[in-house]
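FYI, side chains are in, hydrogens and waters are out, and symmetry mates aren't considered; it's all heavy atoms of this structure. Naming: A, B, ... by sequence-line order, numbering from 1 per chain.
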Protein chains: 2
Amino acid sequence: MDHIDRALLEQLQQDATQSYAALGQAVGLSTGAAHERVRKLREHGAIRRTTADVDPSALGYGVLAYVTVDSTRWMGDTAPEFAALPEIVEAHIIAGNASVLVKVRTASTEQLQDVLRRIHAIDGVNGTRATIVLESLFERPASPYGAGAAG
Amino acid sequence: MDHIDRALLEQLQQDATQSYAALGQAVGLSTGAAHERVRKLREHGAIRRTTADVDPSALGYGVLAYVTVDSTRWMGDTAPEFAALPEIVEAHIIAGNASVLVKVRTASTEQLQDVLRRIHAIDGVNGTRATIVLESLFERPASPYGAGAAG
DNA sequence: ACAAGAGACCGAACAACCTTCGGCCTCATT
DNA sequence: AATGAGGCCGAAGGTTGTTCGGTCTCTTGT
């Protein structure tokens with residue numbers, strides 16, 4: 001994972017449809033060498049997959065909310081129960097007052113309420129606190145640079 | 001935006017590297033028709049871009065945190081100031097106690113502290129509350145289904 | 001009812017690209 | 001100094017992207 005790999009990741013985050021020839025030229029490598037580098041990045045899991053970034057509003061998701069979930073039991077093995085709700089796009093175990101933080105996208109506030117109801121139905125859950133997003137300033141992938149020298 | 005478009009989006013979210021022939025076969029269309037559909041999905045902004053999903057830990061980001069930001073002024077036009085910090089991967093204006101919610105990835109808690117310091121330096125910011133993520137259960141794209149009928 | 005037009009699909013053809021391979025170079029090891 | 005591994009380049013062939021003409025099905029207007 002050197003600076004060329006980071007440059008490749010940066011390029012592929014911006015546009016994964018570009019050719020290996022263009023990719024190689026962007027980082028100063030031949031087509032074959034760029035291909036080999038990217039193949040290894042995939043193989044080692046640095047690139048988990050290449051995916052289409054879909055606009056949530058095009059899917060009818062106009063409402064975004066973060067919900068903290070309180071519980072009376074250990075939530076470390078409840079991933080399937082949260083994943084079963086398609087409106088939940090992220091779920092994390094957190095330190096602090098609540099046990100779990102989930103990110104929810106719905107078409108309406110009524111539908112958000114329904115998701116909260118279904119979260120309450122999960123075993124051990126005894127409370128939720130929803131925070132509605134009024135406007136998203138930006139959402140972007142993690143930068144391959146800026147993580148480098150922690151000191 | 002019919003059920004075929006949604007099936008195409010589902011396919012492309014899972015794997016954007018598959019051929020148009022495979023894509024067409026998955027949704028019951030010819031190669032040319034699948035290509036034309038996807039072209040229009042891009043043109044209309046439903047597909048914002050196709051991108052490599054990079055593992056944050058491969059970039060050295062071992063720490064994930066959500067930070068609520070309190071402020072003494074209107075934060076609706078501060079997107080550039082938050083975007084200037086590469087460790088911030090999301091920023092939202094929220095309803096509720098705080099003004100802004102940001103998602104932060106860093107290599108260490110020391111680096112997280114440094115990000116908090118730089119957030120404090122933004123004009124109008126007078127407080128932050130960080131919530132550390134202990135374990136991510138999952139992070140996934142929004143489902144093309146499940147947004148449709150609210151009932 | 002019927003003609004006209006738009007939109008979408010199919011199948012095929014050509015250009016562009018992916019993928020692999022042999023050969024070369026560099027560097028670390030012995 | 002010899003050896004082996006790893007990475008790069010350039011080229012070749014098989015695969016894919018992209019375009020285009022023709023056909024079909026709806027919708028629109030008279």
Side-chain angles (χ1 to χ4, degrees), chain A residues 1-61 141-149, chain B residues 1-61 141-149:
Chain A
M1 173 66 66
D2 57 10
H3 74 102
I4 294 182
D5 284 329
R6 273 188 283 273
L8 284 171
L9 292 177
E10 176 93 7
Q11 286 290 322
L12 288 174
Q13 279 180 344
Q14 288 174 16
D15 178 12
T17 68
Q18 62 190 304
S19 69
Y20 285 105
L23 214 50
Q25 193 165 9
V27 304
L29 246 52
S30 72
T31 299
H35 183 271
E36 176 70 6
R37 287 251 192 180
V38 173
R39 192 191 63 76
K40 287 184 181 172
L41 286 171
R42 287 187 209 281
E43 181 183 320
H44 294 116
I47 298 175
R48 292 195 282 219
R49 60 177 170 180
T50 114
T51 180
D53 177 16
V54 176
D55 185 353
S57 70
L59 294 175
Y61 292 116
S143 168
Y145 307 106
Chain B
M1 173 66 64
D2 58 10
H3 73 104
I4 295 182
D5 284 329
R6 274 188 282 273
L8 286 171
L9 292 177
E10 175 92 6
Q11 286 289 322
L12 289 175
Q13 279 180 344
Q14 288 175 15
D15 179 11
T17 69
Q18 62 189 305
S19 70
Y20 284 106
L23 214 48
Q25 193 166 9
V27 304
L29 247 51
S30 72
T31 300
H35 185 272
E36 176 71 6
R37 287 250 191 181
V38 173
R39 192 191 62 75
K40 287 184 181 172
L41 286 171
R42 287 186 210 281
E43 180 182 321
H44 294 122
I47 298 175
R48 292 195 281 219
R49 61 179 169 178
T50 114
T51 181
D53 177 15
V54 176
D55 184 352
S57 70
L59 295 175
Y61 292 117
S143 169
Y145 308 104

List, with names and distances, any nitrogen or oxygen atoms from the protein found under 3.5 Å away from nitrogen or oxygen atoms belonging to nucleotides 23-29 of chain C.
none

Dump the pairs, protein N or O against N or O of nucleotides 10-17 of chain D, anything under 3.5 Å, distances to one decimal.
| residue | atom | partner | partner atom | Å |
| --- | --- | --- | --- | --- |
| D:dG17 | OP2 | B:Tyr20 | N | 3.1 |

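The distance between atom CD of A:Glu36 and atom C1' of C:dG22, rounded to the nearest whole Å, is 14 Å. Following rounding to the nearest Å, B:Ile4 (CD1) and C:dC9 (C1') show an atom-to-atom distance of 10 Å. The CE atom of B:Met1 sits 13 Å away from the P atom of C:dA8 (whole-angstrom rounding). Between A:Gln25 atom CD and D:dC8 atom P the separation is 17 Å, expressed in whole Å. Whole-Å rounding puts the A:Arg37 CZ to C:dT20 C1' distance at 19 Å.
For the pairing with A:Arg37, the side chain to side chain contact (heavy atoms under 4.5 Å, CB included) check across A:Leu9, A:Val27, A:Leu29 returns one residue only, A:Leu29. Just one residue in the list A:Leu41, A:Thr50, A:Leu23 forms a side chain to side chain contact (heavy atoms under 4.5 Å, CB included) with A:Leu12, and that residue is A:Leu23.
When every heavy atom of A:Met1 is checked against every heavy atom of A:Ala46, the shortest pair comes out as CE-CB, 4.4 Å. Closest of all the heavy-atom pairs between A:Ala52 and B:Ala16 is N-CB, 4.1 Å. Residues A:Asp2 and A:Asp5 come closest through the heavy atom pair OD1-N, 3.0 Å. Closest approach of A:Tyr145 and A:His3 over heavy atoms only: OH-O, 4.2 Å.
From A:Asp55, atom CG reaches atom OH of A:Tyr61 across 12.5 Å, with rounding to the nearest 0.5 Å. Between the CD atom in A:Gln13 and the OG1 atom in B:Thr51 there is a gap of 5.5 Å [rounded to 0.5 Å]. Considering CD of B:Gln11 and CD of B:Gln25, their distance stands at 10.5 Å, rounded to 0.5 Å.
Salt bridge annotation for B:Glu43-B:Arg39: present, with a cationic side-chain nitrogen under 4.0 angstrom from a carboxylate oxygen. Salt-bridge annotation for A:Lys40 and A:Glu36: present, with a side-chain N of the basic residue lying under 4.0 Å from a carboxylate O of the acidic one.
When the side chain to side chain donor-acceptor pair (under 3.5 Å) test is applied to A:Arg49, no partner is found at least two apart in sequence or on another chain.
For DNA chain D, no neighbouring residue in residues 39-50 of chain B is found when judged by any heavy atom under 4.0 Å.
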Quiz item: Which letters describe nucleotides 21-26 of chain D, given B = protein heavy atom under 4.0 Å from base, S = only from sugar-phosphate, - = neither?
Solution: ------
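Terminal axes of the helix from C:dA1-D:dT30 to C:dT30-D:dA1 (five pairs each, C1' rotation axis) are separated by 40°, to the nearest 10°.
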